> 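Dropping a structure here in C-alpha coordinates format, bear with me for questions.
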Amino acid sequence: MPHPPTYDGNPQQLARWRPEHDAPPSIAVWEITLRCDLGCCHCGSRAARARPDELSTTEALDLVRQFADLGLKEVTLIGGEFYMRDDWDRIAAEINRCGMLCSIVTGARQMTAERVSRAVAAGVGKISISIDGLERTHDAIRGSKGSWKAATAAARRISDSGIDLSVNTQMNRLTMPELPAVADMLVDIGARSWMVILTAAMGRAADHPSLLLQPYHLLYLFPLLADIKREKLDPNGIAFFPGNNVGYFGPLAETLRYGSELGHMWGGCGAGDSTLGIEADGRIKGCPSLPTSDYVRGNIRERPLREIAAELKREKTEAPTQLWGFCQSCRYAARCKGGCTWTSHVLFGRPGNNPFCHFRALTMAEAGLVERLEPVAVAPGKPFDFGHCRIVEAPFGPDIESDPLIGMTKLSQVFGLNAGAAGLWSKQELSNTLEYRQSDKT
Amino acid sequence: MALTVRAFLKFILSAFAIGLGGMGASATEGDRHEVTTLSNLIGRLRSDAALRARFAGNPRGTLSEHGIDPSPYNLPDAMNAEQMGRLLAQNSPALAPNDEPPPAPQRPAAPAAVYGPPPRTPVQEPAPPVPQEKQPLRGIHTIIYGPPPGPRK
(Lines give C-alpha, C1' and ligand atoms only; values in the text may rest on other atoms or scores of the structure.)
Protein backbone atom coordinates (compact mmCIF):
# COMPACT_ATOMS: atom_id res chain seq x y z
CA MET A 1 0.00 0.00 0.00
CA PRO A 2 1.29 3.50 -0.72
CA HIS A 3 2.50 5.62 2.12
CA PRO A 4 0.23 8.54 2.87
CA PRO A 5 1.68 11.80 1.58
CA THR A 6 3.40 13.86 4.23
CA TYR A 7 3.76 17.04 2.21
CA ASP A 8 2.04 19.77 4.16
CA GLY A 9 2.60 22.62 1.73
CA ASN A 10 5.87 23.70 3.26
CA PRO A 11 8.57 23.23 0.62
CA GLN A 12 11.19 22.81 3.33
CA GLN A 13 9.44 19.59 4.31
CA LEU A 14 10.58 18.04 1.07
CA ALA A 15 14.09 17.90 2.45
CA ARG A 16 12.85 15.38 4.99
CA TRP A 17 11.86 12.96 2.32
CA ARG A 18 15.27 11.44 1.89
CA PRO A 19 14.70 7.74 2.64
CA GLU A 20 16.67 5.42 4.85
CA HIS A 21 19.01 3.00 3.16
CA ASP A 22 16.51 0.16 3.17
CA ALA A 23 13.60 2.36 2.11
CA PRO A 24 12.34 2.56 -1.45
CA PRO A 25 13.06 5.63 -3.54
CA SER A 26 10.88 8.53 -2.52
CA ILE A 27 10.56 10.30 -5.85
CA ALA A 28 10.29 9.40 -9.51
CA VAL A 29 10.93 11.99 -12.19
CA TRP A 30 9.07 10.93 -15.30
CA GLU A 31 9.55 12.21 -18.82
CA ILE A 32 6.02 11.46 -20.03
CA THR A 33 6.84 12.63 -23.56
CA LEU A 34 9.88 13.90 -25.38
CA ARG A 35 7.72 16.18 -27.52
CA CYS A 36 8.37 19.84 -26.75
CA ASP A 37 7.28 23.28 -27.87
CA LEU A 38 10.59 24.93 -26.98
CA GLY A 39 14.09 24.48 -28.38
CA CYS A 40 16.26 25.10 -25.33
CA CYS A 41 20.00 25.42 -25.97
CA HIS A 42 20.84 23.51 -22.79
CA CYS A 43 18.35 20.65 -23.16
CA GLY A 44 20.04 17.40 -22.15
CA SER A 45 17.42 15.25 -23.83
CA ARG A 46 17.39 17.36 -27.03
CA ALA A 47 13.61 17.33 -26.70
CA ALA A 48 11.61 18.17 -29.81
CA ARG A 49 9.61 15.27 -31.24
CA ALA A 50 7.92 12.51 -29.28
CA ARG A 51 9.78 9.22 -29.02
CA PRO A 52 8.38 6.75 -31.53
CA ASP A 53 7.21 4.28 -28.90
CA GLU A 54 6.10 6.27 -25.87
CA LEU A 55 3.97 4.55 -23.25
CA SER A 56 0.26 4.32 -23.97
CA THR A 57 -2.26 5.71 -21.52
CA THR A 58 -2.95 2.22 -20.18
CA GLU A 59 0.76 1.54 -19.70
CA ALA A 60 1.27 4.93 -18.06
CA LEU A 61 -1.57 4.41 -15.58
CA ASP A 62 -0.23 0.95 -14.76
CA LEU A 63 3.19 2.47 -14.08
CA VAL A 64 1.59 4.95 -11.67
CA ARG A 65 0.15 2.05 -9.69
CA GLN A 66 3.56 0.39 -9.66
CA PHE A 67 5.03 3.62 -8.24
CA ALA A 68 2.46 3.51 -5.47
CA ASP A 69 3.07 -0.19 -4.76
CA LEU A 70 6.78 0.56 -4.47
CA GLY A 71 6.09 3.23 -1.85
CA LEU A 72 7.03 6.38 -3.71
CA LYS A 73 5.83 9.65 -2.24
CA GLU A 74 6.21 12.05 -5.13
CA VAL A 75 6.05 11.72 -8.91
CA THR A 76 7.27 14.64 -10.99
CA LEU A 77 6.05 14.89 -14.56
CA ILE A 78 8.49 16.42 -17.01
CA GLY A 79 9.13 16.32 -20.75
CA GLY A 80 9.84 17.37 -23.35
CA GLU A 81 6.86 19.39 -22.30
CA PHE A 82 4.35 17.50 -20.22
CA TYR A 83 1.24 19.07 -21.74
CA MET A 84 2.24 17.99 -25.23
CA ARG A 85 0.80 14.65 -24.19
CA ASP A 86 -3.00 14.84 -24.14
CA ASP A 87 -3.57 12.42 -21.25
CA TRP A 88 -1.26 14.23 -18.82
CA ASP A 89 -4.06 15.13 -16.43
CA ARG A 90 -5.35 11.55 -16.35
CA ILE A 91 -1.87 10.48 -15.28
CA ALA A 92 -1.67 13.29 -12.73
CA ALA A 93 -5.09 12.42 -11.30
CA GLU A 94 -4.10 8.77 -10.94
CA ILE A 95 -0.91 9.77 -9.08
CA ASN A 96 -3.04 11.82 -6.73
CA ARG A 97 -5.63 9.06 -6.34
CA CYS A 98 -2.85 6.62 -5.40
CA GLY A 99 -1.80 8.87 -2.54
CA MET A 100 1.34 10.38 -4.02
CA LEU A 101 2.18 14.03 -4.59
CA CYS A 102 2.06 14.94 -8.26
CA SER A 103 4.42 17.73 -9.21
CA ILE A 104 5.23 19.13 -12.62
CA VAL A 105 8.22 20.87 -14.19
CA THR A 106 7.42 22.98 -17.24
CA GLY A 107 8.84 25.55 -19.61
CA ALA A 108 5.27 26.91 -19.67
CA ARG A 109 5.34 28.25 -23.22
CA GLN A 110 1.66 27.34 -23.51
CA MET A 111 0.61 26.82 -19.91
CA THR A 112 -2.78 28.38 -20.50
CA ALA A 113 -5.47 29.13 -17.95
CA GLU A 114 -7.32 26.06 -19.20
CA ARG A 115 -4.30 23.84 -18.52
CA VAL A 116 -3.85 25.34 -15.07
CA SER A 117 -7.50 24.56 -14.34
CA ARG A 118 -6.98 20.96 -15.49
CA ALA A 119 -3.96 20.71 -13.17
CA VAL A 120 -6.06 21.93 -10.26
CA ALA A 121 -8.81 19.43 -11.11
CA ALA A 122 -6.26 16.60 -11.31
CA GLY A 123 -4.93 17.43 -7.86
CA VAL A 124 -1.45 18.55 -8.92
CA GLY A 125 0.30 19.79 -5.79
CA LYS A 126 3.28 21.69 -7.12
CA ILE A 127 4.36 23.19 -10.44
CA SER A 128 7.87 24.37 -11.11
CA ILE A 129 8.35 26.83 -13.96
CA SER A 130 11.69 27.22 -15.70
CA ILE A 131 12.90 30.80 -15.75
CA ASP A 132 16.43 31.29 -16.99
CA GLY A 133 17.36 34.88 -16.37
CA LEU A 134 15.81 38.06 -17.65
CA GLU A 135 13.61 38.26 -20.73
CA ARG A 136 16.25 38.64 -23.44
CA THR A 137 18.47 35.94 -21.95
CA HIS A 138 15.64 33.51 -21.24
CA ASP A 139 14.21 33.85 -24.74
CA ALA A 140 17.62 33.27 -26.29
CA ILE A 141 18.37 30.20 -24.15
CA ARG A 142 14.89 28.77 -24.63
CA GLY A 143 15.03 29.37 -28.39
CA SER A 144 11.65 31.07 -28.47
CA LYS A 145 10.89 34.77 -28.43
CA GLY A 146 8.04 35.45 -26.04
CA SER A 147 8.79 32.42 -23.87
CA TRP A 148 9.80 34.56 -20.86
CA LYS A 149 6.56 36.53 -20.98
CA ALA A 150 4.61 33.28 -21.35
CA ALA A 151 6.43 31.66 -18.43
CA THR A 152 6.00 34.59 -16.06
CA ALA A 153 2.32 34.94 -16.98
CA ALA A 154 1.82 31.23 -16.35
CA ALA A 155 3.63 31.55 -13.03
CA ARG A 156 1.12 34.15 -11.87
CA ARG A 157 -1.77 31.96 -13.02
CA ILE A 158 -0.41 29.01 -11.06
CA SER A 159 0.25 31.10 -7.99
CA ASP A 160 -3.34 32.38 -8.13
CA SER A 161 -4.72 28.86 -8.61
CA GLY A 162 -3.58 27.64 -5.21
CA ILE A 163 -1.06 25.16 -6.57
CA ASP A 164 2.35 25.63 -4.98
CA LEU A 165 4.51 27.60 -7.37
CA SER A 166 8.19 26.84 -7.64
CA VAL A 167 10.75 28.20 -10.09
CA ASN A 168 13.78 26.39 -11.44
CA THR A 169 16.71 28.14 -13.03
CA GLN A 170 19.68 26.93 -15.01
CA MET A 171 22.94 28.45 -13.85
CA ASN A 172 25.31 29.09 -16.71
CA ARG A 173 27.40 31.85 -18.18
CA LEU A 174 24.39 33.82 -19.38
CA THR A 175 22.15 33.50 -16.33
CA MET A 176 24.73 33.86 -13.55
CA PRO A 177 24.86 37.68 -13.39
CA GLU A 178 21.08 37.86 -13.72
CA LEU A 179 20.29 35.55 -10.80
CA PRO A 180 19.58 38.45 -8.40
CA ALA A 181 16.90 39.68 -10.79
CA VAL A 182 15.33 36.23 -10.98
CA ALA A 183 15.23 36.15 -7.18
CA ASP A 184 13.46 39.53 -7.15
CA MET A 185 10.94 38.12 -9.59
CA LEU A 186 10.22 35.14 -7.34
CA VAL A 187 8.83 37.48 -4.73
CA ASP A 188 6.79 39.32 -7.33
CA ILE A 189 5.15 36.23 -8.82
CA GLY A 190 4.49 34.49 -5.51
CA ALA A 191 6.90 31.56 -5.77
CA ARG A 192 7.34 29.43 -2.65
CA SER A 193 10.61 27.81 -3.61
CA TRP A 194 13.51 28.14 -6.04
CA MET A 195 15.67 25.38 -7.38
CA VAL A 196 18.92 26.22 -9.13
CA ILE A 197 21.02 23.78 -11.08
CA LEU A 198 24.27 24.05 -12.98
CA THR A 199 23.87 23.55 -16.70
CA ALA A 200 25.73 20.32 -17.40
CA ALA A 201 27.44 19.33 -20.62
CA MET A 202 24.75 17.02 -21.92
CA GLY A 203 22.69 17.05 -25.11
CA ARG A 204 22.40 20.50 -26.65
CA ALA A 205 24.42 22.01 -23.80
CA ALA A 206 27.36 19.88 -24.96
CA ASP A 207 26.99 21.60 -28.34
CA HIS A 208 27.38 25.00 -26.66
CA PRO A 209 30.48 24.77 -24.46
CA SER A 210 30.73 28.54 -24.16
CA LEU A 211 27.36 28.51 -22.36
CA LEU A 212 28.77 26.40 -19.53
CA LEU A 213 30.43 27.78 -16.46
CA GLN A 214 34.01 26.90 -15.73
CA PRO A 215 34.80 25.32 -12.33
CA TYR A 216 36.51 28.50 -11.10
CA HIS A 217 33.31 30.47 -11.62
CA LEU A 218 31.99 28.70 -8.52
CA LEU A 219 34.30 30.97 -6.49
CA TYR A 220 31.97 33.82 -7.49
CA LEU A 221 28.71 31.94 -7.87
CA PHE A 222 28.48 30.53 -4.34
CA PRO A 223 28.91 33.86 -2.53
CA LEU A 224 26.32 35.29 -4.91
CA LEU A 225 23.85 32.52 -4.04
CA ALA A 226 24.47 32.97 -0.32
CA ASP A 227 23.78 36.70 -0.61
CA ILE A 228 20.62 36.10 -2.60
CA LYS A 229 19.37 33.58 -0.05
CA ARG A 230 20.07 35.87 2.88
CA GLU A 231 18.83 39.12 1.35
CA LYS A 232 15.97 38.07 -0.93
CA LEU A 233 14.75 34.54 -0.24
CA ASP A 234 14.82 34.05 3.52
CA PRO A 235 13.07 37.34 4.35
CA ASN A 236 10.27 36.41 1.95
CA GLY A 237 9.91 32.81 3.09
CA ILE A 238 11.05 31.37 -0.23
CA ALA A 239 12.73 27.98 0.17
CA PHE A 240 16.02 27.54 -1.63
CA PHE A 241 16.83 24.19 -3.19
CA PRO A 242 20.28 23.81 -4.68
CA GLY A 243 20.21 21.08 -7.32
CA ASN A 244 22.23 17.94 -6.81
CA ASN A 245 25.12 19.32 -8.83
CA VAL A 246 25.46 22.41 -6.62
CA GLY A 247 27.95 21.59 -3.88
CA TYR A 248 29.83 20.33 -1.92
CA PHE A 249 31.04 20.74 1.67
CA GLY A 250 32.52 24.18 1.10
CA PRO A 251 32.17 26.98 3.65
CA LEU A 252 28.77 27.95 2.24
CA ALA A 253 27.30 24.45 1.98
CA GLU A 254 25.55 24.73 5.31
CA THR A 255 24.02 28.05 4.36
CA LEU A 256 22.85 26.95 0.96
CA ARG A 257 21.75 23.37 1.45
CA TYR A 258 18.37 23.96 3.06
CA GLY A 259 19.98 26.01 5.79
CA SER A 260 20.93 22.75 7.44
CA GLU A 261 18.17 23.29 10.01
CA LEU A 262 16.67 19.95 9.05
CA GLY A 263 19.95 18.17 9.45
CA HIS A 264 20.19 17.64 5.73
CA MET A 265 23.62 17.66 4.17
CA TRP A 266 24.88 16.27 0.90
CA GLY A 267 25.23 12.55 1.32
CA GLY A 268 26.20 11.42 -2.14
CA CYS A 269 24.33 10.89 -5.37
CA GLY A 270 20.86 9.54 -4.68
CA ALA A 271 20.27 8.04 -8.14
CA GLY A 272 18.55 4.71 -7.75
CA ASP A 273 18.58 5.07 -3.99
CA SER A 274 16.20 7.93 -3.34
CA THR A 275 15.18 8.70 -6.93
CA LEU A 276 14.11 7.02 -10.12
CA GLY A 277 14.10 8.41 -13.63
CA ILE A 278 11.70 7.23 -16.31
CA GLU A 279 12.02 7.86 -20.03
CA ALA A 280 8.87 8.20 -22.10
CA ASP A 281 9.25 4.75 -23.65
CA GLY A 282 9.33 3.04 -20.25
CA ARG A 283 13.09 2.79 -19.71
CA ILE A 284 14.15 3.14 -16.08
CA LYS A 285 17.32 4.64 -14.66
CA GLY A 286 18.31 5.97 -11.26
CA CYS A 287 17.99 9.66 -12.16
CA PRO A 288 16.23 11.36 -15.07
CA SER A 289 19.36 13.26 -16.09
CA LEU A 290 21.69 10.29 -16.43
CA PRO A 291 22.84 9.26 -19.90
CA THR A 292 20.58 6.59 -21.38
CA SER A 293 23.41 4.53 -22.83
CA ASP A 294 25.16 3.89 -19.53
CA TYR A 295 22.45 3.95 -16.89
CA VAL A 296 19.21 2.38 -18.14
CA ARG A 297 18.63 -0.83 -16.18
CA GLY A 298 15.40 -2.06 -17.72
CA ASN A 299 12.05 -1.22 -19.27
CA ILE A 300 8.74 -1.55 -17.50
CA ARG A 301 7.39 -3.18 -20.67
CA GLU A 302 9.71 -6.08 -19.96
CA ARG A 303 10.10 -6.23 -16.18
CA PRO A 304 8.12 -4.97 -13.18
CA LEU A 305 9.26 -1.66 -11.73
CA ARG A 306 9.90 -3.28 -8.35
CA GLU A 307 12.47 -5.62 -9.90
CA ILE A 308 14.31 -2.83 -11.75
CA ALA A 309 14.25 -0.57 -8.70
CA ALA A 310 15.71 -3.35 -6.56
CA GLU A 311 18.50 -3.83 -9.06
CA LEU A 312 19.29 -0.11 -9.01
CA LYS A 313 19.31 -0.10 -5.24
CA ARG A 314 21.56 -3.18 -5.09
CA GLU A 315 23.95 -1.66 -7.59
CA LYS A 316 24.23 1.44 -5.47
CA THR A 317 25.32 -0.62 -2.48
CA GLU A 318 27.40 -3.28 -4.13
CA ALA A 319 29.10 -1.26 -6.85
CA PRO A 320 29.75 2.20 -5.43
CA THR A 321 31.22 4.82 -7.72
CA GLN A 322 34.99 4.58 -7.97
CA LEU A 323 36.47 7.96 -7.21
CA TRP A 324 39.44 9.31 -9.11
CA GLY A 325 41.25 12.59 -9.60
CA PHE A 326 40.81 15.26 -6.97
CA CYS A 327 37.73 13.56 -5.53
CA GLN A 328 39.66 10.40 -4.70
CA SER A 329 41.93 12.15 -2.23
CA CYS A 330 39.42 14.74 -1.00
CA ARG A 331 38.83 14.85 2.74
CA TYR A 332 35.09 14.58 2.12
CA ALA A 333 35.36 11.63 -0.28
CA ALA A 334 33.59 9.12 1.96
CA ARG A 335 30.56 11.33 2.44
CA CYS A 336 30.46 13.18 -0.86
CA LYS A 337 31.18 10.22 -3.18
CA GLY A 338 32.17 12.51 -6.01
CA GLY A 339 29.07 14.68 -6.06
CA CYS A 340 26.63 14.48 -8.94
CA THR A 341 27.10 11.36 -11.08
CA TRP A 342 25.45 13.01 -14.07
CA THR A 343 27.62 16.12 -14.04
CA SER A 344 30.92 14.26 -13.96
CA HIS A 345 29.87 11.44 -16.29
CA VAL A 346 28.93 13.81 -19.11
CA LEU A 347 32.31 15.50 -18.83
CA PHE A 348 34.58 12.47 -18.78
CA GLY A 349 32.51 9.43 -19.71
CA ARG A 350 32.54 8.10 -16.16
CA PRO A 351 31.60 9.44 -12.73
CA GLY A 352 33.78 9.86 -9.66
CA ASN A 353 35.65 13.10 -10.34
CA ASN A 354 33.62 16.28 -10.31
CA PRO A 355 35.38 19.59 -10.94
CA PHE A 356 32.15 21.52 -10.30
CA CYS A 357 32.68 21.71 -6.55
CA HIS A 358 33.05 24.86 -4.46
CA PHE A 359 35.33 23.19 -1.94
CA ARG A 360 37.53 21.93 -4.74
CA ALA A 361 37.66 25.32 -6.47
CA LEU A 362 38.66 26.95 -3.17
CA THR A 363 41.30 24.30 -2.51
CA MET A 364 42.76 24.84 -5.95
CA ALA A 365 42.65 28.62 -5.52
CA GLU A 366 44.51 28.36 -2.22
CA ALA A 367 47.25 26.63 -4.15
CA GLY A 368 47.13 29.43 -6.73
CA LEU A 369 45.43 27.26 -9.34
CA VAL A 370 42.19 27.03 -11.25
CA GLU A 371 40.71 24.26 -13.34
CA ARG A 372 39.36 24.85 -16.81
CA LEU A 373 37.41 22.39 -18.92
CA GLU A 374 38.18 22.00 -22.60
CA PRO A 375 36.05 19.97 -25.00
CA VAL A 376 38.01 17.30 -26.83
CA ALA A 377 35.22 15.25 -28.40
CA VAL A 378 31.79 16.21 -29.62
CA ALA A 379 28.42 14.73 -28.68
CA PRO A 380 26.82 12.47 -31.29
CA GLY A 381 23.54 14.40 -31.33
CA LYS A 382 21.15 11.99 -29.62
CA PRO A 383 18.98 12.44 -26.50
CA PHE A 384 21.01 12.36 -23.27
CA ASP A 385 24.32 12.18 -25.13
CA PHE A 386 27.56 13.87 -24.21
CA GLY A 387 30.98 14.68 -25.59
CA HIS A 388 34.26 14.50 -23.76
CA CYS A 389 36.24 17.11 -21.87
CA ARG A 390 39.63 17.35 -20.29
CA ILE A 391 40.75 19.38 -17.30
CA VAL A 392 43.48 21.95 -17.69
CA GLU A 393 45.07 23.40 -14.59
CA ALA A 394 46.29 26.96 -14.80
CA PRO A 395 47.46 29.57 -12.34
CA PHE A 396 44.87 31.75 -10.66
CA GLY A 397 46.01 35.00 -12.18
CA PRO A 398 44.65 38.34 -13.32
CA ASP A 399 43.30 36.68 -16.46
CA ILE A 400 40.68 34.94 -14.37
CA GLU A 401 39.36 38.04 -12.67
CA SER A 402 39.27 39.93 -15.96
CA ASP A 403 36.68 37.47 -17.26
CA PRO A 404 33.77 39.79 -18.21
CA LEU A 405 31.29 37.50 -16.47
CA ILE A 406 32.89 38.14 -13.09
CA GLY A 407 32.62 41.92 -13.25
CA MET A 408 28.97 41.73 -14.28
CA THR A 409 28.23 39.23 -11.53
CA LYS A 410 29.88 41.36 -8.86
CA LEU A 411 28.02 44.49 -9.86
CA SER A 412 24.64 42.75 -9.88
CA GLN A 413 25.47 40.96 -6.61
CA VAL A 414 26.14 44.19 -4.76
CA PHE A 415 23.48 46.42 -6.31
CA GLY A 416 20.90 44.15 -7.88
CA LEU A 417 19.21 44.87 -11.18
CA ASN A 418 16.46 47.32 -11.98
CA ALA A 419 12.93 46.02 -12.30
CA GLY A 420 12.09 46.03 -15.97
CA ALA A 421 15.65 45.43 -17.16
CA ALA A 422 15.44 43.14 -20.18
CA GLY A 423 18.85 41.59 -19.70
CA LEU A 424 22.53 42.23 -19.15
CA TRP A 425 23.68 40.67 -22.40
CA SER A 426 23.34 42.28 -25.79
CA LYS A 427 21.82 40.34 -28.65
CA GLN A 428 25.28 39.98 -30.17
CA GLU A 429 26.72 38.55 -26.98
CA LEU A 430 23.83 36.11 -26.66
CA SER A 431 24.29 35.07 -30.24
CA ASN A 432 28.04 34.60 -29.78
CA THR A 433 27.59 32.47 -26.66
CA LEU A 434 24.85 30.31 -28.12
CA GLU A 435 26.43 29.96 -31.53
CA TYR A 436 25.93 26.42 -32.75
CA ARG A 437 29.24 24.82 -33.54
CA GLN A 438 29.20 23.33 -37.00
CA SER A 439 31.72 20.72 -35.93
CA ASP A 440 29.09 19.29 -33.61
CA LYS A 441 26.75 18.35 -36.43
CA THR A 442 26.45 14.65 -37.02
CA MET B 1 14.29 60.87 -65.76
CA ALA B 2 13.38 57.26 -64.95
CA LEU B 3 17.07 56.49 -64.73
CA THR B 4 17.60 59.37 -62.39
CA VAL B 5 14.80 58.27 -60.07
CA ARG B 6 16.10 54.69 -60.06
CA ALA B 7 19.62 55.93 -59.35
CA PHE B 8 18.29 58.11 -56.56
CA LEU B 9 16.38 55.21 -54.97
CA LYS B 10 19.44 53.00 -55.31
CA PHE B 11 21.51 55.68 -53.59
CA ILE B 12 18.99 55.93 -50.74
CA LEU B 13 18.90 52.15 -50.29
CA SER B 14 22.70 51.94 -50.36
CA ALA B 15 23.03 54.69 -47.81
CA PHE B 16 20.43 52.96 -45.63
CA ALA B 17 22.27 49.63 -45.88
CA ILE B 18 25.59 51.26 -45.06
CA GLY B 19 23.98 52.95 -42.09
CA LEU B 20 22.57 49.66 -40.82
CA GLY B 21 25.88 47.88 -41.29
CA GLY B 22 27.71 50.64 -39.53
CA MET B 23 25.29 50.55 -36.64
CA GLY B 24 25.70 46.80 -36.34
CA ALA B 25 29.45 47.01 -36.29
CA SER B 26 29.35 49.83 -33.82
CA ALA B 27 27.02 47.97 -31.50
CA THR B 28 29.17 44.87 -31.59
CA GLU B 29 32.28 46.83 -30.86
CA GLY B 30 30.56 48.71 -28.08
CA ASP B 31 29.30 45.52 -26.48
CA ARG B 32 32.74 43.99 -26.46
CA HIS B 33 34.23 47.14 -25.01
CA GLU B 34 31.51 47.31 -22.36
CA VAL B 35 31.87 43.83 -20.91
CA THR B 36 35.64 43.91 -21.04
CA THR B 37 35.96 47.17 -19.22
CA LEU B 38 33.52 46.24 -16.45
CA SER B 39 35.80 43.57 -15.02
CA ASN B 40 38.86 45.62 -15.77
CA LEU B 41 37.33 48.67 -14.12
CA ILE B 42 36.81 46.70 -10.91
CA GLY B 43 40.45 45.64 -11.13
CA ARG B 44 41.51 49.27 -11.53
CA LEU B 45 39.34 50.38 -8.61
CA ARG B 46 41.36 48.10 -6.33
CA SER B 47 44.59 49.91 -7.05
CA ASP B 48 43.53 53.46 -7.95
CA ALA B 49 42.35 55.39 -4.89
CA ALA B 50 41.32 58.48 -6.88
CA LEU B 51 39.20 56.44 -9.26
CA ARG B 52 37.73 54.57 -6.31
CA ALA B 53 36.67 57.84 -4.67
CA ARG B 54 35.16 59.11 -7.92
CA PHE B 55 33.28 55.85 -8.43
CA ALA B 56 31.97 55.86 -4.87
CA GLY B 57 30.66 59.41 -5.33
CA ASN B 58 29.07 58.82 -8.71
CA PRO B 59 28.91 55.18 -9.76
CA ARG B 60 26.57 55.73 -12.71
CA GLY B 61 28.63 58.55 -14.13
CA THR B 62 31.89 56.68 -13.71
CA LEU B 63 30.53 53.60 -15.42
CA SER B 64 29.26 55.72 -18.30
CA GLU B 65 32.66 57.38 -18.62
CA HIS B 66 34.14 53.93 -19.12
CA GLY B 67 31.64 52.98 -21.77
CA ILE B 68 29.54 50.78 -19.49
CA ASP B 69 25.77 51.13 -19.61
CA PRO B 70 24.69 51.56 -15.97
CA SER B 71 20.97 51.38 -16.68
CA PRO B 72 20.33 47.67 -15.89
CA TYR B 73 22.00 47.97 -12.48
CA ASN B 74 20.18 49.32 -9.45
CA LEU B 75 22.98 51.71 -8.57
CA PRO B 76 22.75 54.24 -5.75
CA ASP B 77 23.65 57.89 -6.23
CA ALA B 78 26.68 57.28 -4.02
CA MET B 79 28.20 54.15 -2.57
CA ASN B 80 29.01 53.46 1.04
CA ALA B 81 32.11 51.71 2.31
CA GLU B 82 30.34 48.39 2.79
CA GLN B 83 29.15 48.34 -0.81
CA MET B 84 32.59 49.26 -2.06
CA GLY B 85 34.14 46.54 0.07
CA ARG B 86 31.79 43.92 -1.32
CA LEU B 87 32.38 45.01 -4.88
CA LEU B 88 36.14 44.90 -4.55
CA ALA B 89 36.36 41.72 -2.48
CA GLN B 90 38.33 39.05 -4.22
CA ASN B 91 36.91 35.62 -3.99
CA SER B 92 40.14 33.73 -4.01
CA PRO B 93 41.99 33.29 -0.74
CA ALA B 94 45.14 33.23 -2.84
CA LEU B 95 44.57 36.73 -4.14
CA ALA B 96 44.06 39.19 -1.31
CA PRO B 97 44.03 42.89 -2.32
CA ASN B 98 47.43 44.47 -2.76
CA ASP B 99 49.15 41.13 -2.58
CA GLU B 100 52.19 40.43 -4.64
CA PRO B 101 51.42 38.46 -7.78
CA PRO B 102 51.02 34.78 -6.87
CA PRO B 103 54.11 32.66 -7.17
CA ALA B 104 54.50 30.22 -10.00
CA PRO B 105 52.17 27.27 -9.52
CA GLN B 106 53.56 24.22 -7.86
CA ARG B 107 52.17 20.77 -8.34
CA PRO B 108 51.62 18.57 -5.30
CA ALA B 109 54.82 16.70 -4.53
CA ALA B 110 53.27 13.27 -4.91
CA PRO B 111 50.63 13.39 -7.60
CA ALA B 112 49.61 9.75 -7.15
CA ALA B 113 46.49 8.60 -8.93
CA VAL B 114 44.90 12.01 -8.73
CA TYR B 115 46.58 12.97 -11.96
CA GLY B 116 46.11 9.85 -14.01
CA PRO B 117 46.88 9.53 -17.67
CA PRO B 118 44.42 10.53 -20.36
CA PRO B 119 41.68 7.98 -21.00
CA ARG B 120 42.56 4.89 -22.95
CA THR B 121 38.98 4.44 -23.99
CA PRO B 122 39.06 5.22 -27.70
CA VAL B 123 37.32 8.46 -28.45
CA GLN B 124 34.86 7.90 -31.28
CA GLU B 125 34.60 11.43 -32.53
CA PRO B 126 37.48 13.42 -33.97
CA ALA B 127 38.72 16.06 -31.60
CA PRO B 128 37.54 19.49 -32.76
CA PRO B 129 40.01 22.32 -32.83
CA VAL B 130 40.17 24.07 -29.50
CA PRO B 131 38.17 27.30 -29.83
CA GLN B 132 40.18 30.49 -29.67
CA GLU B 133 38.68 31.57 -26.37
CA LYS B 134 39.49 28.19 -24.82
CA GLN B 135 43.21 28.40 -25.49
CA PRO B 136 45.28 27.92 -22.36
CA LEU B 137 46.46 31.11 -20.80
CA ARG B 138 49.36 32.64 -22.65
CA GLY B 139 52.82 31.80 -21.41
CA ILE B 140 51.56 29.62 -18.61
CA HIS B 141 52.52 26.05 -17.95
CA THR B 142 49.42 23.90 -17.81
CA ILE B 143 48.79 20.46 -16.45
CA ILE B 144 46.34 18.30 -18.29
CA TYR B 145 44.69 15.20 -17.05
CA GLY B 146 41.66 13.11 -17.73
CA PRO B 147 39.93 10.07 -16.24
CA PRO B 148 42.03 7.00 -15.53
CA PRO B 149 41.63 3.94 -17.71
CA GLY B 150 38.94 1.55 -16.68
CA PRO B 151 35.61 0.12 -17.64
CA ARG B 152 32.71 2.49 -17.99
CA LYS B 153 30.03 1.92 -15.49
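Just so it is clear: chains get the letters A, B, ... in the order the sequence lines come, proteins before strands, and each one is counted from 1. Please read these numbers as outputs of a predicted model, since none were measured by experiment.
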> So do the side chains of Y73(B) and L424(A) get within less than 4.5 Å of each other, counting heavy atoms only?
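When only atoms from C-beta onward are counted, L424(A) and Y73(B) do touch, with a gap below 4.5 Å.
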> Would you please name every residue forming a ring pair (Phe, Tyr, Trp, His ring centres under 6.0 Å) with F415(A), sequence neighbours left out?
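Not a single residue meets the ring pair (Phe, Tyr, Trp, His ring centres under 6.0 Å) criterion with F415(A).
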> Are the side chains of N74(B) and L417(A) in touch, meaning some heavy atoms are under 4.5 Å apart?
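Side-chain contact under 4.5 Å: no.
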> Any chance you could measure I406(A), atom CD1, to L38(B), atom CG, to the nearest 0.5 Å?
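Reported value, rounded in 0.5 Å steps: 11.0 Å.
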> If you take all heavy atoms of G407(A) and S39(B), which pair is closest and at what distance?
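Heavy atoms of G407(A) and S39(B) come nearest at N-OG, 2.9 Å.
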> For a 4.5 angstrom cut-off between non-hydrogen side-chain atoms, does L63(B) reach L411(A)?
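The answer is yes, as the side chains (C-beta and beyond) meet within the 4.5 Å cut-off.
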> Taking the side chain from K410(A) and the backbone from A89(B), do they hold a donor-acceptor pair closer than 3.5 Å?
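At least one qualifying donor-acceptor pair exists.
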